[in-house]
Amino acid sequence: MRLIRFLILFPFFLFPHADDMYLLKGGNVFLPNVGFVKKDILVDEGLIISIEDEIDSSVSENVINSDGKYITPGLIVFSALGLIEIGALPETIDIRSETYNAGFDPSDAFNPFSQAIRLNRSKGVTSTVNIPSASGYFAGLLSYTKINNGLKQKKQGPLGLLTSYGQSYDDSRAANLMFIEDLFSYVRNGYDSTKADQIQFFYGTDNEYRFTKRDLEAIQKVINKEMPLVVRVNKATDILKVLEMAKSENINLVLWEANEGHMVAEEISKAEVPVIMDPLNNIPGSFDSLNATYENVSRLHSAGVKLAFYYDQSSGAHNAYLATQSAGNAVALGVSYNEALASVTSNPAEIFDIKNVGVIAIGYDADLAIWDNDPLELMTQVETVFIDGSKQDLSNRYDELTERYTKEEELPNSYRSR
Amino acid sequence: MIKKLIVLLTLAVLYGCGSDAPSIFKSEIEGSAKNFEDDIHGTYASTYTPLKSENVVIRNATIFDGNGNKFLDFDVHFSDGKIKNLGVDLEVEGAREIDATGKYVTPGIVDNHSHMGVYPAPGVRTSSDGNEATNPVTAEVWAEHSVWSQDPQYKLALAGGVTTFHVLPGSANLFGGRGVTLKNVSANTVPDMKFPDAPHSLKMACGENPKRVYRSRGPSTRMGNVAGYRKAWIGAENHKKRLERDPEYRDIKNETLVGVLDGKILVHNHCYRADEMATMINISQEFGYKVSTFHHGVEAYKIADLLADEGICAALWADWWGFKHEAYDMTIANIAIVDQARGGAGCAIVHSDSASGIQRLNQEAAKALAAGRRAGFEISEARAMTWLTKNPAKSLGILDKTGTLDLGKDADLVIWSGNPFSVYTKAEQVYIDGALTFDKASNFMPHTDFDIGIKEWEEK
């Protein structure tokens with residue numbers, strides 16, 4: 001009956017492209033607000049078009065038996081994936097700019113053939129929120145990129161404007177706050193965008209920030225509430241100041257890192273401000289994080305703060321997929337399982353209003369990962385990944401190197417075909 | 001004097017990564033100025049005094065003994081600071097009983113690569129004491145003289161089950177200086193933390209770091225690095241010859257290097273690339289010393305057989321890579337491939353090099369184990385536990401005292417809430433020398449002076 005219903009709803013199904021249509025049968029499917037439920041999923045033309053208890057195998061030539069497997073939305077990570085190949089080689093890094101700051105969007109430099117992308121895709125990542133690192137007052141614009149095989153990737157953005165607030169070698173944090181207020185006021189009061197291609201904005205005695213027209217336009221978008229200001233901030237009192245500033249400037253805010261967020265969890269929750277964080281950041285690594293603790297994540301969670309997780313413990317972009325390890329630890333630290341898994345799938349999409357991804361629901365992009373066990377467990381392996389309904393090649397250099405050095409063969413490695 | 005050196009050299013040949021702490025440390029040697037007995041037992045000796053041991057029997061646990069064995073529904077008894085017995089339904093009188101049904105017991109984790117204390121938290125310039133980056137050869141510095149006894153990071157590692165850790169100088173230099181092995185106890189002086197009788201170590205570093213840091217003065221190339229090592233070893237040989245004529249002559253740098261040539265100081269060599277590790281082995285052969293352990297070894301899997309043949313351990317991350325060119329050829333199966341070399345003769349170690357990673361070394365091992373199995377190796381969880389306990393203890397020369405639950409060893413052990421290879425498992429209790437040092441349920445743990453007055457919130 002159900003099959004007939006969706007055939008009526010989607011008559012084009014009668015003529016499916018065999019290559020495009022997949023039936024994922026019998027998996028434990030992670031559904032929004034529900035958790036894992038045994039369901040069949042039908043994917044066509046890049047979208048999830050049906051989720052039912054039972055879908056007849058005859059509808060698709062490509063049936064993927066997912067009995068006992070776990071199916072989640074593909075992971076959405078916060079990273080410099082595709083924008084950094086080797087950390088110590090600046091010539092392989094594209095997240096920096098000295099020319100632009102607020103208006104800097106690194107996503108045009110995205111390299112889909114990065115080895116880090118291939119590895120992360122094989123670990124269930126289907127898209128990344130690009131993290132910029134310009135050298136001015138603002139680090140730049142966050143944007144969203146899928147990490148499918150091939151030359152072209154779907155993008156969305158800009159999603160937000162990244163800056164940081166807290167300890168600095170130069171100015172007092174008070175001066176930094178004054179600066180952002182003055183800058184916003186300057187933009188709000190209508191700078192003449194036709195007049196100058198570039199303005200210099202001075203404050204203090206010897207500090208100078210330079211903003212191009214492109215930079216000022218990005219700030220304008222924050223003021224217009226077209227995107228949030230994303231602030232990397234740790235100290236509890238600084239978090240309160242940033243919340244206050246966002247309120248008085250009437251802008252949308254996202255907090256980043258927030259190691260002492262647990263001390264002002266109620267205030268963050270009341271302001272309905274989401275937090276992007278790594279639950280594993282428990283070291284008092286700076287004087288802004290003296291009260292860092294494993295309890296941060298559970299306290300923010302219990303206060304009702306919307307959370308998204310990233311992995312901040314090693315190798316940066318290269319191991320972005322380990323957000324699942326952070327999420328698994330969050331469960332051990334008191335966060336509910338479903339919320340922890342949502343924090344690496346649907347919550348990033350919700351927080352940044354990324355359209356049509358992050359959940360398994362009808363009409364959404366078929367970005368999916370099939371796992372052989374609990375996706376948050378350390379020893380679980382990814383078996384299949386779809387991005388926009390296309391089954392991804394999960395081969396990567398690291399598996400190939402492993403194979404090269406574990407084969408028992410007579411000739412040296414270099415003289416064998418892989 | 002000459003006779004003494006011959007004895008030492010003979011012992012040096014016997015001594016290697018695979019052996020326990022060498023008995024030569026306990027022998028009486030008449031003092032010359034460069035007497036290594038002084039280093040271990042003299043002025044700078046450990047003054048570690050264990051906390052008062054309890055008499056405890058842990059019942060019905062799943063035990064990984066650190067030797068590669070797994071025992072189900074087993075009891076472990078310890079008292080007087082030592083492991084007394086393992087078995088089923090042990091009859092023990094007067095011991096505190098702990099029901100560990102559903103829980104796991106393992107030896108305390110040993111991290112053989114840490115910079116806690118020398119790069120303490122908070123990470124500010126004024127206490128960044130881990131690297132004397134003023135000369136490519138600083139064999140004369142000792143990490144223990146930088147260690148800050150009040151680093152708040154120790155207790156975080158303790159909550160992750162780490163009972164012993166080895167603090168190394170950084171990797172800017174060809175020879176970074178001596179490392180120090182510490183028991184993870186809170187104390188007000190560094191000697192009070194020092195692992196009793198643990199051999200001294202020497203940090204060496206290959207590759208990108210030294211040639212980058214010293215590029216303006218040299219070395220600026222990998223061949224410059226190698227010339228630098230060889231020059232220093234030749235200098236140490238000359239120093240030894242001079243000592244034959246002039247036993248009172250002192251040279252603080254060469255005292256460390258001669259300690260290596262005499263087999264008393266263990267070489268811990270930061271080295272990523274396979275070809276460079278092979279070169280370092282050549283250098284060790286030229287001068288007749290032994291590399292205890294290569295650290296970081298992202299490419300160790302490429303020469304896993306060579307490492308096994310040479311009896312050299314490899315201390316590795318599960319999955320760090322990409323931060324440097326020499327860390328590009330990563331495989332998460334690295335640890336497993338090293339472990340399984342020559343039919344399981346390899347010495348693989350999971351190390352942290354990170355105050356964060358040290359808190360979850362069990363999780364790092366789990367990822368490495370999964371990758372090893374995926375690569376086709378049949379490796380048990382009990383075997384993987386040796387990467388965290390036995391092998392690092394071996395690499396540090398303290399396997400006769402810790403690293404396994406063998407009878408008579410220090411009662412350094414961890415009770416885990418469940419399988420330590422699960423992300424959901426936490427260390428519940430940690431014992432060092434039979435004394436409870438961390439108890440999750442009652443939030444009992446040491447606090448350094450740093451913590452006093454810092455915390456502005458109430459723990460739940």
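Lettering of chains follows the sequences in order, A, B, ..., and the numbering in each one begins at 1.
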Measure [X] against the heavy atoms of chain A and call it side chain, backbone, both or neither at under 4.5 Å.
X        : answer
B/Leu156 : side chain
B/Arg212 : neither
B/Lys455 : both
B/Phe421 : both

Do other residues, nucleotides or ligands put more than 12 heavy atoms under 6.0 Å from [X] [atom1]?
X        : atom1 : result
B/Lys440 : NZ    : no
A/Glu91  : CD    : yes
B/Lys367 : NZ    : yes

Taking the six-membered ring for Trp, are the ring centroids of B/Phe294 and B/His296 within less than 6.0 Å of each other?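 Ring centres of B/His296 and B/Phe294 not closer than 6.0 Å.
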
Ring centers of B/Trp317, B/Phe323 separated by less than 6.0 Å: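 Yes, they do, as the ring centres are separated by less than 6.0 Å.
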
Heavy atoms only, distances under 4.5 angstrom: which of [options] has the most pairs with chain B? Name it, please.
options                              : value
A/Leu378, A/Leu280, A/Leu376         : A/Leu378
A/Thr406, A/Leu290, A/Asn329         : A/Asn329
A/Thr92, A/Asp374, A/Thr380, A/Leu89 : A/Asp374
A/Ala236, A/Ser286, A/Gly285         : A/Gly285

Which residue out of [options] racks up the most heavy-atom pairs below 4.5 Å with chain A?
options                      : result
B/Gly123, B/Ser422, B/Ala375 : B/Ser422
B/Gln359, B/Arg373, B/Glu364 : B/Gln359
B/His325, B/Gln363, B/Lys324 : B/Gln363

Tell me if a side-chain donor or acceptor on B/His351 pairs with a main-chain N or O of B/Leu316 at a distance below 3.5 Å. yes

Check whether A/Asn28 reaches the backbone of A/Lys69 with its side chain - one donor and one acceptor, N or O, closer than 3.5 Å. yes

Measure [X] against the heavy atoms of chain B and call it side chain, backbone, both or neither at under 4.5 Å.
X        : value
A/Leu119 : side chain
A/Asn282 : both
A/Asn281 : neither
A/Glu377 : both

Do A/Phe309 and A/Pro279 touch side chain to side chain, with heavy atoms closer than 4.5 Å?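 In contact.
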
For the pair A/Tyr310 and A/Trp256, name the ring-plane relationship: parallel under 30°, tilted 30 to 60°, perpendicular over 60°.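 If you compare the ring of A/Tyr310 with that of A/Trp256, the planes turn out tilted.
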
May I have all residue pairs that pass side chain to side chain donor-acceptor pair (under 3.5 Å) and include part of residues 260-270 of chain A, sequence neighbours excluded?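 Listed once each, the pairs are A/Glu260-A/Asn291.
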
